[in-house]
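All remarks here apply to the structure that follows.
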Amino acid sequence: MSLVQVDIRDSVAWITLANPPVNALSGALMDELSAALHDHRPPEIRAAVIRAARGSKVFSAGHDVRELPTNGRDPLTYNDPLRTLVRNVEAFPAPIIAMVEGSVWGGACELVLSCDLVLAGSKTTFALTPARLGVPYNLSGTLNLLKVADMHFIKEMLFAARPVAADRLATCGVLNAVFPIEELEDATVAMAADIVSASPLVHRVMKEELRVLSNAQPLTPEAYERIQSLRREVYDSEDYQEGIRAFLEKRRPEFRGS
Ligand code: YXS
């Protein structure tokens, strides 16, 4: 059974997540999302929309916890499916709109925020919950957050690790706009139509230009090594194992800070 559905309408590829019950980002789902972007691209396609099924209470529950490594390695490194998918979204040669209905969790926030525009329903929430699983949020995802939100807001989302309403994210400039759910799809269609009516060459060039410029962060080898050593402290820790065990056993984790 396919884990994504693709419909092409007026040069727009509508890509719907279809991995019930909560669109957990399994490797298989993320690979199919990447394949959908590979198979449906310019010149036939001038824009793409990533969405969940109409009426979804959960847009995506984030990375499939059952697929997180427990052998003491970084759970989200360069070649992992989530990082590969995010790079594919960022490199896609046309604008991608995330049309978000339902709650968004963990790595799914990273997927949504890697899209070029984010339009959300008024009841949508975003939760960055790795701290509840004993997982260190991934490096590129953290940098992507720093590009779109203030430090205090990022720390609230990562440290409190609770759902935050779409309105607050829109006020902070993290989302483009929030609509009553019954208006969300029409607003997305209108936005996509505006994009499709403009120059696809300028879109392709400007999207890549903005990606290169926004990633132009001087990072010394010492800084990189320092960050990697911090991250190793976490994914070598008992808390990391406890966070995943507790989730799978459906109980509250007992973190000990080591
Ligand atoms: O018990 P069954 O077999 O029916 O399965 C349950 C859940 O275990 C399962 N499920 C998941 N399976 C794998 N990975 C997940 N992320 C995940 N989330 C849920 O789906 C079945 C239905 O879940 P249930 O009964 O809880 O549904 P609900 O409607 O009551 O609640 C939906 C959620 C999404 C609010 C709830 O499932 C939830 O809080 N899930 C965890 C969300 C989360 O913390 N995700 C972050 C994953 S870690 C991650 O994304 C990266 C490592 S990071 O954070 O660093 O980016």
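Counting convention: from 1, in listed order, for ligands and their atoms alike. What you are looking at is a predicted structure, and each value in this text was computed from that prediction instead of being measured.
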Within 45° cone and under 6.0 Å: R51 NZ/CZ vs W14 ring = no

Identity and distance of the protein heavy atom lying nearest atom 40 (N) of ligand 1 = F247 CE1, 4.1 Å

Quick one: do M30 and V65 end up in the same hydrophobic cluster if we chain Ile, Leu, Val, Met, Phe, Trp and Tyr together by side-chain heavy atoms under 4.5 Å apart?
-> no

Under 4.0 Å between a Lys/Arg side-chain N and an Asp/Glu carboxylate O for E242 and R251?
-> yes

Per-atom filter on ligand 1: closer than 4.0 angstrom to a heavy atom of D64 are 13 (C), 14 (N)

Considering residues, nucleotides and ligands other than D10, do more than 12 of their heavy atoms fall under 6.0 Å from its CG?
-> no

Compare every heavy atom of L113 with every heavy atom of L175, then report the nearest pair and how far apart it is.
-> CD2-CD2, 4.3 Å

Using heavy atoms and a threshold below 4.0 Å, how should the contact between V22 and ligand 1 be classified: side chain, backbone, both, or neither?
-> side chain

Quick one: which ligand 1 atoms are inside 4.0 Å of a heavy atom on V135?
-> 52 (C), 55 (O)

With heavy atoms of P130 as the reference, note each atom of ligand 1 found under 4.0 Å away.
-> 54 (O), 55 (O)

Hey, does E110 sit under 4.0 Å from ligand 1 if you only count heavy atoms?
-> no

Which of the atoms in ligand 1, numbered in the order shown and given with their element, are less than 4.0 Å from a heavy-atom of H63?
-> 14 (N), 15 (C), 16 (N), 47 (C), 49 (C), 50 (O), 51 (C)

Protein contact to atom 21 (C) of ligand 1 [nearest heavy atom, distance to 0.1 Å] = P21 CG, 3.8 Å

Measure the distance from atom 35 (C) of ligand 1 to every protein heavy atom, then report the residue, atom name and distance (to 0.1 Å) of the closest one.
-> W105 CZ2, 3.4 Å

Can you sort out which atoms of ligand 1 are near A61, meaning under 4.0 Å from one of its heavy atoms?
-> 16 (N), 17 (C), 18 (N), 34 (C), 42 (C), 43 (C), 45 (N), 46 (C), 47 (C)

If you take all heavy atoms of G134 and V234, which pair is closest and at what distance?
-> O-CG1, 3.4 Å

From L158, V65, T125, L111 - option closest to atom 14 (N) of ligand 1 by heavy atom = V65

Determine, step by step, whether E185 and R54 satisfy the salt bridge (Lys or Arg N to Asp or Glu O under 4.0 Å) criterion, reporting the C-alpha distance in whole Å, the side-chain angles of both residues, the deciding distance to 0.1 Å, and the verdict.
-> CA-CA 9 Å; E185 187 158 343; R54 188 171 295 115; 2.7 Å; yes

Can you pull out the closest protein heavy atom to atom 48 (S) of ligand 1? Residue, atom name and distance to 0.1 Å, please.
-> L133 CD1, 3.3 Å

Heavy-atom protein neighbour under 4.0 angstrom from atom 31 (O) of ligand 1 = no

If you draw a 6.0 Å radius around CZ in R73, do more than 12 non-hydrogen atoms from other residues or ligands fall strictly inside?
-> yes

Would you mind telling me if ligand 1 is within reach of the side chain of L128, the backbone, both or neither, using heavy atoms under 4.0 Å?
-> neither

Working for salt bridge (Lys or Arg N to Asp or Glu O under 4.0 Å), residues E209 and K207 = CA-CA 6 Å; E209 185 178 305; K207 178 169 173 175; over 6 Å; no

Contact with ligand 1 for E67, non-hydrogen, under 4.0 angstrom = no

Donor-acceptor pair, N19 side chain versus L3 backbone, under 3.5 Å?
-> no

Could you check atom 1 (O) of ligand 1 against the protein and tell me its nearest heavy-atom contact, residue, atom and distance included?
-> K250 NZ, 2.9 Å

Side chains of T77 and D74: is there a donor and an acceptor less than 3.5 Å apart?
-> no

Kindly state if atom 53 (S) of ligand 1 has a protein heavy atom within a strict 4.0 Å cut-off, that is, under 4.0 Å?
-> yes

Give the residue and atom name of whichever protein heavy atom lies nearest to atom 44 (O) of ligand 1, and the separation in Å to one decimal.
-> T129 OG1, 2.8 Å

Linked, directly or transitively: F59 and I181 (ILVMFWY side chains, under 4.5 Å) = no

In the protein, what heavy atom is nearest to atom 13 (C) of ligand 1, and what distance, to one decimal place, separates them?
-> R66 NH1, 3.1 Å

Residue and atom name of the nearest protein heavy atom (relative to atom 56 (O) of ligand 1), distance in Å to one decimal | G107 N, 2.8 Å

Can you confirm whether something in the protein, heavy atoms only, sits under 4.0 Å from atom 37 (O) of ligand 1?
-> no

Is there a heavy atom of N138 sitting under 4.0 angstrom from any atom of ligand 1?
-> no

Answer with yes or no whether the side chains of W105 and S103 bring together a donor and an acceptor at under 3.5 Å.
-> yes

Mind checking whether K57 contacts ligand 1 via backbone (N, CA, C, O), side chain (CB onward), both or neither, at a 4.0 Å heavy-atom cut-off?
-> neither

Does even one non-hydrogen atom of L248 get within less than 4.0 Å of ligand 1?
-> no

What part of L82 sits under 4.0 Å from ligand 1 if we count only heavy atoms: the side chain, the backbone, both or neither?
-> neither

Report yes or no: do T70 and Q241 form a side-chain donor-acceptor pair below 3.5 Å?
-> no

Other residues, nucleotides, ligands: >12 heavy atoms within 6.0 Å of K147 NZ = yes

Exercise check, heavy-atom protein proximity under 4.0 Å to atom 8 (O) of ligand 1 | yes

